[in-house]
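The structure appears right after this line, and notes come after that.
As a basis for the values below, the full set of heavy atoms in this structure was taken, side chains included, without hydrogen atoms, waters or symmetry mates. So that the names make sense, note that chain A is the first sequence line, chain B the second, and so on, each numbered from 1.
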2 protein chains.
Amino acid sequence: MNFLEERILREGRVLPGNVLKVDGFLNHQIDVALMDQMGAAFYRRFAGVGVTKVLTIEASGIAIACSAARCFGVPVVFAKKSKSSNVGADVYSAEVASFTHGNVNQVIVSKRFLSPGDRVLIVDDFLANGCALNGLITIAEAAGATVAGIGIAVEKGFQEGGALIRGRGYDVASLAIVDAMDASTGAITFRQQG
Amino acid sequence: MNFLEERILREGRVLPGNVLKVDGFLNHQIDVALMDQMGAAFYRRFAGVGVTKVLTIEASGIAIACSAARCFGVPVVFAKKSKSSNVGADVYSAEVASFTHGNVNQVIVSKRFLSPGDRVLIVDDFLANGCALNGLITIAEAAGATVAGIGIAVEKGFQEGGALIRGRGYDVASLAIVDAMDASTGAITFRQQG
């Protein structure tokens, strides 16, 4: 069991509806030392792939992305959520449905910050159905950039996003993959990873 | 001239309507080394005040807050913007008007993450009219916490937020205070600070 799985077992809370609350250390209150451990783990995993930018989406991905980018010595670019579907010609955009909030956001990145030469490490806190991640992949590839790797903190392995995106050939590293949760007992089962 | 003022002069863009674009290094693309310089500057400024939490607001404050919190060895808490005015009893909330987006957000922090014993360093990327900062102060004080200091990257000194909040007795440190901007020439005038 790695450092993130241990922390989730100790402080995560399983709520009805397959909700895993990790807001005490990951996405509301942030344990910066934990972010740095995650950043270092992504660096070890993707050190050889020539990363030039770390791409994430506001807001919860930013802290992890900064810790990773520090290791790689590259900038972070974070995609912004825009209520408006009337986005300008100066941005790459993708539609991202949020099941948490029950709406659809345009997600945008300025064309000035992604280029065909970029090798992008995409980082996010959660991977479930893959909507946000698909949006980030769409944006990176619209820029002509290469998705060099994908680093996720917590993957919900019982939802289809991870399998679909790996099936398209992307190299997805999830530090913790939750294969099952039980809100009545609080039990969390992690996938064994090599 | 300090490191942030130099960077703003070199890469910031002045647009009509008193807009200062710093999205190449601060709030869309992020230069993590610059965040760390800012975090270290806030640490030097507020090292003696017993900070227990760094409080910011999503999304652009998070990177700076993480760099500062690493220096202090304390967690970050970021306030979330909520479209809903129907917030639960388990959160502290404040209304924050956004002039950029022309709307009003409820800004919320879970009651689990701020306590009467906390001495809070509030951090944000911009201070202009002070709406976001006032919301964060309201939330911290609703929790019974003490606002031990306020660290801002860029203050628009020609708007009233900084003067109003200093006038209420808060210790506000802005790394760059812009006293005037001219979109026609691109000129930026910084306030001399000791």
ILVMFWY cluster membership beyond A/Val19 - transitive side-chain contacts under 4.5 angstrom: A/Leu15

Linked, directly or transitively: A/Leu175 and A/Phe190 (ILVMFWY side chains, under 4.5 Å): yes

For the student: nearest non-hydrogen atoms of B/Ala59 and A/Ile62, plus distance: O-CD1, 3.6 Å

Interface moiety of B/Lys53 toward chain A, non-hydrogen atoms closer than 4.5 Å: side chain

Residue pair B/Gln29 / A/Val77: nearest heavy atoms and the distance that separates them: OE1-CG2, 3.7 Å

Joint hydrophobic cluster, A/Ile152 plus A/Val147, side-chain heavy atoms closer than 4.5 Å: yes

Main-chain N/O of A/Phe78 paired to B/His28 side chain as donor or acceptor, under 3.5 Å: yes

Proximity breakdown for B/Asn103 and chain A, heavy-atom pairs closer than 4.5 Å: neither

Those residues that, when tested against A/Tyr92, pass ring pair (Phe, Tyr, Trp, His ring centres under 6.0 Å) (two or more places apart): none

Non-hydrogen atoms of A/Val74 and B/Val32 that approach each other most closely: O-CG2, 4.5 Å

Top contributor to chain B contacts, counting heavy-atom pairs under 4.5 Å, from A/Leu34, A/Asn27, A/Asp31: A/Asn27

Nearest heavy atoms of A/Asp23 and B/Arg112, plus distance in Å: OD1-NH2, 2.5 Å

Residue part contacting chain A, namely of B/Ile64, when any heavy atom lies under 4.5 Å: neither

A/Lys111, NZ atom: more than 12 neighbouring heavy atoms under 6.0 Å: yes

Region of B/Val54 that comes under 4.5 Å of a non-hydrogen atom in chain A: neither

Cluster check B/Tyr43, B/Val76: I/L/V/M/F/W/Y, side chain < 4.5 angstrom: yes

Shared hydrophobic cluster, A/Phe46 / A/Leu133 (ILVMFWY, side-chain heavy atoms < 4.5 Å): no

Co-membership, hydrophobic cluster, residues B/Ile165 and B/Ile139, 4.5 Å side-chain: yes

Contact leader toward chain A among B/Ala69, B/Ala79, B/Ser110, where contacts are heavy-atom pairs under 4.5 Å: B/Ser110

Portion of A/Ile57 that has a non-hydrogen atom of chain B nearer than 4.5 angstrom: neither

Interface residue of largest heavy-atom contact number with chain A, from B/Gly73, B/Ser60, B/Cys66, B/Ala65, under 4.5 Å: B/Cys66

Which of A/Arg70, A/Glu58, A/Lys81 touches chain B most, by non-hydrogen pairs under 4.5 Å: A/Arg70

